[in-house]
Participant: 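Take this structure, written in structure tokens, and hold onto it; I'll ask about it next.
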Amino acid sequence: MVVGVMGAMPEEIDPILKRLENVKKHEVADNVYYTAFYGSLDLVVAYSKIGKVFSALTAATMIEKFGVQKMLFSGVAGAISPALHIGDLVAATKLCQHDLDITAFGHPYGYVPEGKVYVEADPRLLEIAASVAYKQGVKLKRGIIATGDQFVADAERKAWIGQTFNADALEMEGASVAVVCDALGVPFFVLRAISDAADMDAGFDFDAFLQSSAVKSADFIFMILDEL
Ligand SMILES: CCCCCCN(CO)Cc1c[nH]c2c(N)ncnc12
């Protein structure tokens, strides 16, 4: 089976790549895609670059050009829920785009015609994640993740996103990956480790915790890969 493991930044996939052997590099569509075998799996690993457009391009390329049949996203996120602290893991049950807005025409936030506000992650992959977390004694929260093309470092914007979408965490790539995988019929799973609280300290906390939180997410992704 061909499994895609995506991140947005080098720091998010470096902890994945360094545990793989005989990694091959492929330059496709202005990006680099790494392939390697992992047990019985064919892995395709890449960081998309930041934001919804780049991550949609990478997800589509992985599926269309590399034949990815299951997509796992590993990375970091800002916390909205007060129950989420730096280093905590959150798996998306569903994802939305908090900066998609045609409310001027009476539509709800995050909605455009023929689209949907939320895209649901694959229940089977969520089930595997929950059982792995239980077996390994790892705390894993399941929640709604809101995606937008902005680094949120403002308590008011964070609160608005939380209230408007009932979101537990926010980042910049998950929902676009979700839309692409949903449209192309590929089961997907988005895992994030918290790096900051999307408030006025977010920039400092992000810099301080990006690496350690990215490792936490990557380590859990390997526990899931071992069950696929
Ligand atoms: C050089 C700056 C790169 C920022 C990339 C941040 N990623 C985007 O997926 C995750 C993330 C962590 N904390 C966030 C926040 N507070 N707002 C948006 N996104 C995030």
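Along the sequence shown, the residues carry numbers beginning at 1. Since the structure is predicted, the reported quantities are computational estimates derived from the model, not experimental observations. Counting convention: from 1, in listed order, for ligands and their atoms alike.
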Participant: I'd like to check which ligand 1 atoms, numbered from 1 as shown, lie under 4.0 Å from a non-hydrogen atom of Ala77.
Facilitator: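 In order of numbering, the contacting atoms are 11 (C), 12 (C), 13 (N).
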Participant: Can Asp88 and Lys139 be counted as an ion pair, charged N to O under 4.0 angstrom?
Facilitator: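 A salt bridge links Asp88 with Lys139.
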Participant: What are the two closest heavy atoms between Ile224 and Ala129, and how far apart are they?
Facilitator: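 Reported closest heavy-atom pair: CD1-CB, 4.0 Å.
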Participant: Just heavy atoms, cut-off under 4.0 Å: does Gln150 contact ligand 1 by side chain, backbone, both, or neither?
Facilitator: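 Near ligand 1, Gln150 shows its backbone, while the atoms from C-beta on stay back.
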Participant: Which ligand 1 atoms, with their elements, are less than 4.0 angstrom from a heavy-atom of Glu173?
Facilitator: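 The atoms of ligand 1 under 4.0 Å from a heavy atom of Glu173 are 8 (C), 9 (O).
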Participant: Is there a chain of hydrophobic side chains (I, L, V, M, F, W, Y, each step under 4.5 Å between heavy atoms) that links Val190 to Ile63?
Facilitator: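 Looking at the clustering, Ile63 is in the same group as Val190.
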Participant: Check ligand 1 against Ser195 and write out every atom of the ligand that is under 4.0 Å from a heavy-atom position of the residue.
Facilitator: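 Atoms satisfying the 4.0 Å criterion: 12 (C), 13 (N).
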Participant: Checking ring pair (Phe, Tyr, Trp, His ring centres under 6.0 Å) between His107 and each of Tyr109, Tyr111, Phe105, which is the one that passes?
Facilitator: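 One option only clears the test, and that one is Tyr111.
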Participant: Among all protein heavy atoms, pick the one closest to atom 14 (C) of ligand 1 and tell me residue, atom and distance.
Facilitator: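 Among all protein heavy atoms, the one nearest atom 14 (C) of ligand 1 is Phe151 CE1, 3.4 Å.
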Participant: Salt bridge between Lys52 and Glu171, side-chain N to carboxylate O under 4.0 Å?
Facilitator: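 Salt bridge absent between Lys52 and Glu171.
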Participant: Name the closest protein heavy atom to atom 1 (C) of ligand 1, giving the residue it belongs to and the distance to 0.1 Å.
Facilitator: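 Checked against all protein heavy atoms, atom 1 (C) of ligand 1 sits closest to Ile50 CD1, 4.3 Å.
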Participant: What protein heavy atom lies closest to atom 17 (N) of ligand 1? Include the residue and the distance to one decimal.
Facilitator: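 In this structure, atom 17 (N) of ligand 1 has Val152 N, 2.9 Å as its nearest protein heavy atom.
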Participant: With a cut-off of 4.0 Å, which atoms of ligand 1 are near a heavy atom of Ala198?
Facilitator: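 With Ala198 as reference, the close atoms of ligand 1 come out as 16 (N).
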Participant: Give the intermediate values and the outcome of ring pair (Phe, Tyr, Trp, His ring centres under 6.0 Å) for residues Tyr33 and Phe66.
Facilitator: CA-CA 9 Å; Tyr33 293 80; Phe66 290 88; 5.1 Å; yes
Participant: Within ligand 1, which atoms have a heavy atom of Leu170 less than 4.0 Å away?
Facilitator: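 Those of ligand 1 that fall under 4.0 Å from Leu170 are 15 (C), 16 (N), 17 (N), 18 (C).
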Participant: For Tyr47, does its backbone N or O pair with a side-chain atom of Asn31 as donor and acceptor, under 3.5 Å?
Facilitator: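 Judged by distance alone, yes, a pair lies under 3.5 Å.
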Participant: Report yes if Asp196 has an N/O atom closer than 3.5 Å to an N/O atom of ligand 1; otherwise report no.
Facilitator: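 Yes, there is a polar N/O contact under 3.5 Å.
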Participant: I'd like to know if Lys158 contacts ligand 1, where contact means a heavy-atom distance under 4.0 Å to any ligand atom.
Facilitator: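 Outside the 4.0 Å threshold, so no.
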Participant: Counting each atom of ligand 1 from 1 as listed, which ones have a heavy atom of Gly78 under 4.0 Å away?
Facilitator: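 So the answer, numbered in order with elements, is 12 (C), 13 (N), 14 (C).
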Participant: At what distance is the nearest protein heavy atom to atom 6 (C) of ligand 1, and which residue and atom is it?
Facilitator: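 In this structure, atom 6 (C) of ligand 1 has Phe206 CE1, 3.8 Å as its nearest protein heavy atom.
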Participant: Can you tell me which residue and heavy atom of the protein come closest to atom 10 (C) of ligand 1, and the distance to 0.1 Å?
Facilitator: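 The protein heavy atom lying closest is Val76 O, 3.1 Å.
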Participant: Flag this pair as yes if the NZ/CZ of Lys94 is under 6.0 angstrom from the six-membered ring centre of Tyr118 and inside a 45 degree cone about the axis; otherwise no.
Facilitator: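 Pair Lys94/Tyr118 counts as cation-pi.
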Participant: Which heavy atom of Ser217 sits nearest a heavy atom of Gly75, and at what distance?
Facilitator: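 Where Ser217 meets Gly75 most closely, the heavy atoms are OG-N, 3.2 Å.
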